[in-house]
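Proteins come first, then strands; the chains are lettered A, B, ... in the order of their sequence lines, and each starts at number 1. Side-chain atoms are counted along with the backbone in the values below, which use heavy atoms only and exclude waters and symmetry mates.
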Protein chains: 2
Amino acid sequence: MRARVVEDDRGRREARDACLEPCPIERGMRIIGGKWTGSILWHLKDGPVRFNDLARMIGGASKKMITERLRQLEGHGLVRREVIDSAPISVTYEITDLGRTALGFLDELRTWSEGLPQG
Amino acid sequence: MRARVVEDDRGRREARDACLEPCPIERGMRIIGGKWTGSILWHLKDGPVRFNDLARMIGGASKKMITERLRQLEGHGLVRREVIDSAPISVTYEITDLGRTALGFLDELRTWSEGLPQG
DNA sequence: CAGAATCCAACCGGATACTG
DNA sequence: CAGTATCCGGTTGGATTCTG
């Protein structure tokens, strides 16, 4: 199993493979519609955020989930990971220019959702 | 189990319960981000469609899924179900005015997805 | 601090067969 | 035609523990 996956890409490869849907709406949803994915991207819009800060902002999601979703977003080039080798270590996540192109949609979704009958 | 659910609402009640996320983005995603949900809504934009026609349009989704998602959309008031009691029976699904309010960002998502590096 | 590793119950969703 | 019913393997995601 996992034949010929030489480099450990920490989920980046699978991130791509998961989005082979022919329908563009489905493809898009599989990229930014995952649990917590939209929220994560949204919370990065004002600048880089450290891992634990992000986890706190997304209250309700486990670190495991945050990590998985971040790897996936990285795999799609929507988020950049940066390691500052201080002590203690610091890792920040920053939205890329490509990632920013999704914020319009997310904002519309947010507005729509807030305007729904049941709040 | 299922205490006090007297009327059989065919999944409509659960549809609502599933969307109690405090974050509006997550809530929105749980409503239209389900597998096939966006596609279904999208294919209803030009008028009522019969069940089997819809199933054909969404090639790849099973009838079971189409049904489940339609019930969910109905529960959120985004789709209306209409039975024409002919022989053989005919059932059409039509997008509601509320449902139409989602077409804007679904179109944005479509455009966004199509413009991505990997197509 | 920023994860990785492991466990496991719950849910998801496809395949198939059946029905009014 | 428009579903429902059942089975069931695979995935999801929370909880917990461990690590450089």
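Rounded to an integer number of Å, the gap from CG of D53(B) to P of dC1(D) is 8 Å. Regarding R81(B), its CZ atom lies at a distance of 16 Å from the P atom of dC1(D), rounded to whole Å. Between I89(A) atom CD1 and dG20(D) atom C1' there is a gap of 8 Å when expressed in whole angstrom units. The separation between Y93(B) atom OH and dA2(D) atom C1' is 8 Å, rounded to whole Å. In this structure, I40(A) places its CD1 atom 11 Å from P of dG13(D), rounding to the nearest Å. For the pair F51(A) CZ and dG3(C) P, the interatomic distance rounds to 5 Å; values are reported in whole Å. Distance L70(B) CG to dG3(D) P: 8 Å, rounded to the nearest Å. For the pair E82(B) CD and dA2(D) P, the computed distance is 13 Å after rounding to whole Å.
Annotation: ring pair (Phe, Tyr, Trp, His ring centres under 6.0 Å) contacts involving residues 49-69 of chain A, sequence neighbours excluded, are absent. Under the side chain to side chain donor-acceptor pair (under 3.5 Å) criterion, the residue pairs touching residues 34-46 of chain A are S39(A)-E26(B), with sequence neighbours excluded.
Phosphate proximity of dA4(C) to R71(A): present, with a side-chain N or O under 4.0 Å from OP1 or OP2. Within the 4.0 Å cut-off from OP1 or OP2 of dA2(D), at least one side-chain nitrogen or oxygen of R50(B) is found.
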Please list, pair by pair, any protein nitrogen or oxygen found under 3.5 Å from a nitrogen or oxygen in nucleotides 13-16 of chain C.
from, atom 1, to, atom 2, distance (Å)
dG13(C), N7, K64(B), NZ, 3.2
dG14(C), OP1, K35(B), NZ, 3.2
dG14(C), O6, K64(B), NZ, 2.2

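The side-chain heavy atoms of M29(B) and L106(A), taken from C-beta on, include a pair separated by under 4.5 Å. Looking at heavy atoms from C-beta onward, L98(B) lies in side-chain contact with T101(B) at the 4.5 angstrom threshold. Contact annotation: the side chain of I25(B) never approaches that of L41(A) to less than 4.5 Å [non-hydrogen atoms, C-beta and beyond].
When all heavy atoms of R27(A) and S113(B) are compared, the pair lying nearest together is NH2-OG, 3.7 Å.
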Salt bridge (charged side-chain N to carboxylate O under 4.0 Å, His left out) between E94(A) and R80(A), intermediate numbers included: CA-CA 5 Å; E94(A) 184 172 12; R80(A) 193 181 307 114; 3.4 Å; yes
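Checking dA2(D), dC1(C), dA4(C) against the side-chain heavy atoms of T67(A) singles out dA4(C) as nearest.
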